[in-house]
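Scroll down for the structure; my scribbles are underneath it.
Positions are given from 1 along the sequence. All values below were derived from every heavy atom in this structure, side-chain atoms included, with hydrogens, water molecules and symmetry-related copies excluded.
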Amino acid sequence: MKSRVAGIVALVFSLCGCVTTQGGYQWGNYEQDLYDYLHSPEQKKRVVENQLAFIARCERLDLTPAPGLYAEVGTLLLLDGRREQAIDFYAKERDTWPESEYLMTTIISNLEKEAANAGN
């Protein structure tokens, strides 16, 4: 399980690294939050809540979060043990950015299968 989650995290981080911070997308405090998340373990809960608040603000104001940001927040939620909420964010990424459909659908499917197997 941990190696699968670590692989997902690495993949999402690498995808996010390919996107510039310029343009019409909303990044919020993503760069600083990511730094804090990776370098200050005691900040992890705060970072997750900051990112959730930022996404909620974007949705409330009808702004488009940057490509990969829904997936990034989904991964942070998954690492925090919030699988169902993570799946919801992966679905938002898939629905907002059609080019991510295959990857997000695969991740969602794997998480749902894993949850079903754990229930047996």
Side-chain angles (χ1 to χ4, degrees):
M1 167 67 183
K2 286 188 180 187
S3 65
R4 181 177 287 165
V5 171
I8 291 170
V9 170
L11 181 61
V12 171
F13 283 163
S14 67
L15 289 175
C16 291
C18 297
V19 181
T20 65
T21 57
Q22 299 188 358
Y25 306 119
Q26 304 302 311
W27 285 93
N29 206 23
Y30 170 76
E31 287 182 19
Q32 184 62 50
D33 279 348
L34 180 60
Y35 180 87
D36 292 345
Y37 187 89
L38 295 173
H39 292 90
S40 303
E42 70 279 1
Q43 298 289 322
K44 288 184 177 186
K45 294 279 187 197
R46 180 195 60 79
V47 167
V48 171
E49 296 311 315
N50 278 358
Q51 289 299 303
L52 286 171
F54 175 71
I55 293 290
R57 179 178 168 268
C58 284
E59 290 173 345
R60 189 174 59 252
L61 298 174
D62 201 28
L63 301 172
T64 304
L69 202 54
Y70 280 125
E72 183 73 27
V73 174
T75 300
L76 296 176
L77 290 166
L78 184 62
L79 292 172
D80 194 38
R82 295 152 74 174
R83 180 192 313 257
E84 290 305 315
Q85 202 173 0
I87 289 171
D88 291 343
F89 274 79
Y90 291 137
K92 287 181 182 186
E93 180 73 24
R94 178 196 62 211
D95 297 343
T96 304
W97 303 104
E99 60 273 16
S100 72
E101 181 177 0
Y102 180 77
L103 176 61
M104 294 298 109
T105 300
T106 301
I107 291 172
I108 291 167
S109 176
N110 287 340
L111 289 172
E112 289 172 343
K113 286 177 190 173
E114 194 173 86
N117 289 338
N120 290 333

**OP:** Please confirm whether the backbone N or O of Thr105 pairs with a side-chain atom of Ser109, one donor and one acceptor, at under 3.5 Å?
**Re:** no

**OP:** With sequence neighbours excluded, give me every ring pair (Phe, Tyr, Trp, His ring centres under 6.0 Å) pair touching residues 58-84.
**Re:** none

Original post:
When you check the gap from the basic side-chain N to the acidic O, do Arg82 and Glu49 get nearer than 4.0 Å?
Top reply: yes

**OP:** Working to the nearest 0.5 Å, report the span between CE of Met104 and CD1 of Ile107.
**Re:** 4.0 Å

**OP:** Can you establish whether the number of heavy atoms outside Arg46 located under 6.0 Å from its atom CZ is more than 12?
**Re:** yes

Subject >> Value rounded to 0.5 Å, distance of CG in Asp95 from CG in Asp88 >> reply: 10.5 Å

Original post:
What pairs meet the ring pair (Phe, Tyr, Trp, His ring centres under 6.0 Å) rule with one or both residues in residues 93-118, with sequence neighbours excluded?
Top reply: Tyr25-Trp97

**OP:** With sequence neighbours excluded, give me every ring pair (Phe, Tyr, Trp, His ring centres under 6.0 Å) pair touching residues 38-66.
**Re:** Tyr35-His39

**OP:** Tell me yes or no: between the side chains of Asp36 and Gln32, is some donor less than 3.5 Å from an acceptor?
**Re:** yes

**OP:** Give the C-alpha distance, both sets of side-chain angles, the deciding distance and a yes or no for side-chain hydrogen bond (donor to acceptor under 3.5 Å, both in side chains) between Thr75 and Tyr90.
**Re:** CA-CA 8 Å; Thr75 300; Tyr90 291 137; 2.8 Å; yes

Original post:
Rounded to the nearest 0.5 Å, how far does CD of Glu99 lie from CD of Glu93?
Top reply: 8.0 Å

**OP:** Going by the side chain to side chain contact (heavy atoms under 4.5 Å, CB included) test, name the single residue among Ile55, Leu63, Leu61 that passes it with Gln26.
**Re:** Leu63

**OP:** Report the distance from atom CG of Asp33 to atom CD of Glu72, rounding to the nearest 0.5 Å.
**Re:** 10.0 Å

Original post:
After noting the C-alpha distance and the side-chain angles of Leu103 and Arg94, does the key distance pass the side chain to side chain contact (heavy atoms under 4.5 Å, CB included) rule?
Top reply: CA-CA 8 Å; Leu103 176 61; Arg94 178 196 62 211; over 6 Å; no

